[in-house]
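Predicted, not measured: the structure shown is a model, and the values here were computed from it.
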Amino acid sequence: KEEVKVAVLFELIQDLLLKVENVDANSLTASAHSVVFTLMAHLRQTLSNQFNESEHSRSLAPLSSGPLQSILRGLLNNLLRCPSGMQRLRAHLYATLLCYLQTTREKQEHKSGLWRLEQDSGLAAANLSVLSECGEGLMDVVCRDACNGHDVAKMLALSLLDSIITLDRHNVWLHYMTVRGYLQKVCASLQWDDETLQKMLHPQPDILRPLYIYESKMAFLIRVASSPMGARDLVAMNCLAHLNECRFIDLRPGNHGNKAIGSIQGTAGFIPSTT
């Protein structure tokens, strides 16, 4: 039954992507991509359950990479055709791409993984090859949204860059971001957001989106710093200096006026709004 469900999900995702690929972007295509994201999430969960119900991963049939590559190409084609003003549609595409990469990522830390894929390392290389086929056009779209997109699209684009850099062992994407100034802009934006992030320390901040964006930026920068080339680039761009100039790092809830790093008294009432 699970194998049938996986096959049906693959077919639905591929058919939907083909139907919307040649249609001008509008609110209906945004809704369609919302459905694609839901189906992709179900596919990932189904594959995960398939492994959890099996005592040994060897009892699972390998998952062919063919349908997966077809899905990836469909998502990338739609992203490249998506107008910059369709931020909701872009957000759905980024979320689906993230879900796809999480589904197919190579498990290096845990050899058992969530499920068996047909030659995991080959699949990772195949994913990177499909991404490379899109050239600098794709790089520019994702990097621009990571720097200048609306809040949700910006967070998802940063997370997508995090996942791609994990695959890109030759640092092609990192080199592009460095040469075109996108990495410098992400580093500098930490200091630009300092005043906004200080307001997050109030017991009931108006919105928490700036905090989530900051977390996405830091997760991305940590990923960049995990490679020798990335660490050198961050040092050259004074990333640590930008962080050093940020006052919010030294502040604590209920202690807005002081740069106190030690005791954080008065934090019991710090319950940020969840809305």
Side-chain angles (χ1 to χ4, degrees), residues 79 87 90-91 93-95 97-102 105-109 124 127-128 131-132 134 136 138-201 205 207-253 259 261 272:
L79 178 60
Q87 289 291 309
R90 282 177 182 264
L93 285 165
Y94 285 137
L97 281 167
L98 271 172
C99 191
Y100 170 88
L101 292 176
Q102 289 169 354
R105 68 187 175 187
E106 180 182 7
K107 294 288 186 178
Q108 294 179 337
E109 296 180 358
N127 286 337
L128 186 59
L131 290 167
S132 300
C134 297
E136 294 186 356
L138 175 63
M139 295 180 182
D140 190 59
V141 168
V142 180
C143 291
R144 277 192 288 108
D145 280 338
C147 293
N148 303 317
H150 292 180
D151 293 343
V152 175
K154 180 182 293 186
M155 288 185 286
L156 291 170
L158 285 164
S159 297
L160 181 61
L161 285 172
D162 186 331
S163 296
I164 293 174
I165 287 176
T166 303
L167 292 174
D168 185 15
R169 297 178 181 178
H170 297 291
N171 296 316
V172 175
W173 280 69
L174 181 57
H175 176 73
Y176 178 85
M177 292 191 70
T178 302
V179 171
R180 295 301 179 93
Y182 289 116
L183 187 58
Q184 174 68 57
K185 192 167 185 178
V186 174
C187 294
S189 68
L190 296 172
Q191 191 173 347
W192 301 339
D193 296 337
D194 182 33
E195 185 175 346
T196 303
L197 289 169
Q198 290 180 43
K199 297 177 181 178
M200 297 294 99
L201 296 169
I207 54 175
L208 290 176
R209 279 178 295 177
L211 178 61
Y212 300 145
I213 294 173
Y214 166 74
E215 290 177 344
S216 298
K217 289 178 182 178
M218 290 305 299
F220 165 70
L221 292 174
I222 289 171
R223 177 69 64 188
V224 171
S226 65
S227 70
M229 176 181 171
R232 288 193 296 268
D233 288 342
L234 292 180
V235 171
M237 294 176 186
N238 297 316
C239 184
L240 293 178
H242 287 301
L243 283 170
N244 188 54
E245 293 296 322
C246 294
R247 287 191 68 240
F248 74 89
I249 294 177
D250 295 331
L251 299 180
R252 296 294 183 268
K259 289 189 176 183
I261 302 179

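The ring pair (Phe, Tyr, Trp, His ring centres under 6.0 Å) search around Tyr182 returns none, not counting sequence neighbours. Shown here are the side chain to side chain contact (heavy atoms under 4.5 Å, CB included) partners of His170, two or more places apart in sequence or in another chain: Asp168, Val172. Every residue two or more places apart in sequence or in another chain that forms a side chain to side chain contact (heavy atoms under 4.5 Å, CB included) with Asn148 is listed here: Lys185. In terms of the side-chain hydrogen bond (donor to acceptor under 3.5 Å, both in side chains) criterion, residue partners of Asp193 (sequence neighbours excluded) are, by chain and number, Lys217. With sequence neighbours excluded, the residues satisfying side chain to side chain contact (heavy atoms under 4.5 Å, CB included) with Ala153 are Gln87. Partners of Glu136 under the salt bridge (charged side-chain N to carboxylate O under 4.0 Å, His left out) rule, at least two apart in sequence or in another chain, are Arg180.
Atom NZ of residue Lys199 and atom CG of residue Leu211 lie 14.5 Å apart, to the nearest 0.5 angstrom. The CE atom of Met155 lies 8.5 Å from the OH atom of Tyr212; values are rounded to the nearest 0.5 Å. The structure places CG of Leu167 at 10.5 Å from CH2 of Trp173, a figure rounded to the nearest 0.5 Å. With rounding to the nearest 0.5 angstrom, the OH atom of Tyr100 is 12.5 Å from the CG atom of Leu160. Going from atom CG of Leu190 over to atom CD1 of Ile249 covers 8.0 Å, rounded to the nearest 0.5 Å. Remark: Ile164 CD1 to Leu138 CG distance equals 6.0 Å, nearest 0.5 Å.
Within the structure, the salt bridge (charged side-chain N to carboxylate O under 4.0 Å, His left out) test picks out the following pairs touching residues 138-150 (sequence neighbours left out): Arg90-Asp145, Asp140-Arg144.
Contact detail for Ala146 and Leu158: the closest heavy-atom pair is CB-CD2, 3.9 Å. For the pair Tyr94 and Val141, the tightest heavy-atom approach, listed with the atom from each and the gap, is OH-O, 3.6 Å. Shown here for Val186 and Cys147, the closest heavy-atom pair between the two residues is CG2-SG, 4.0 Å. Between Ser163 and Leu101, the closest heavy-atom pair is CB-CD1, 3.8 Å.
Side-chain N or O atoms of Asp151 include none that pairs as donor or acceptor with a backbone N or O of Pro210 at under 3.5 Å.
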Less than 3.5 Å apart, which donor and acceptor atoms pair up between the side chains of residues 218-230 and the rest of the protein, not counting sequence neighbours?
residue, atom, partner, partner atom, Å
Arg223, NE, Asp162, OD1, 2.7
Arg223, NE, Thr166, OG1, 3.2
Ser226, OG, Arg223, O, 2.5
Ser227, OG, Val224, O, 3.3
Ser227, OG, Gly230, N, 3.1

Distance-only donor-acceptor hits, side chain of residues 231-245, under 3.5 Å, sequence neighbours excluded:
residue, atom, partner, partner atom, Å
Asp233, OD2, Thr178, OG1, 3.2
His242, ND1, Gln191, OE1, 3.0

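Within a 6.0 Å sphere centred on CD of Glu215, heavy atoms belonging to other residues, nucleotides or ligands number more than 12.
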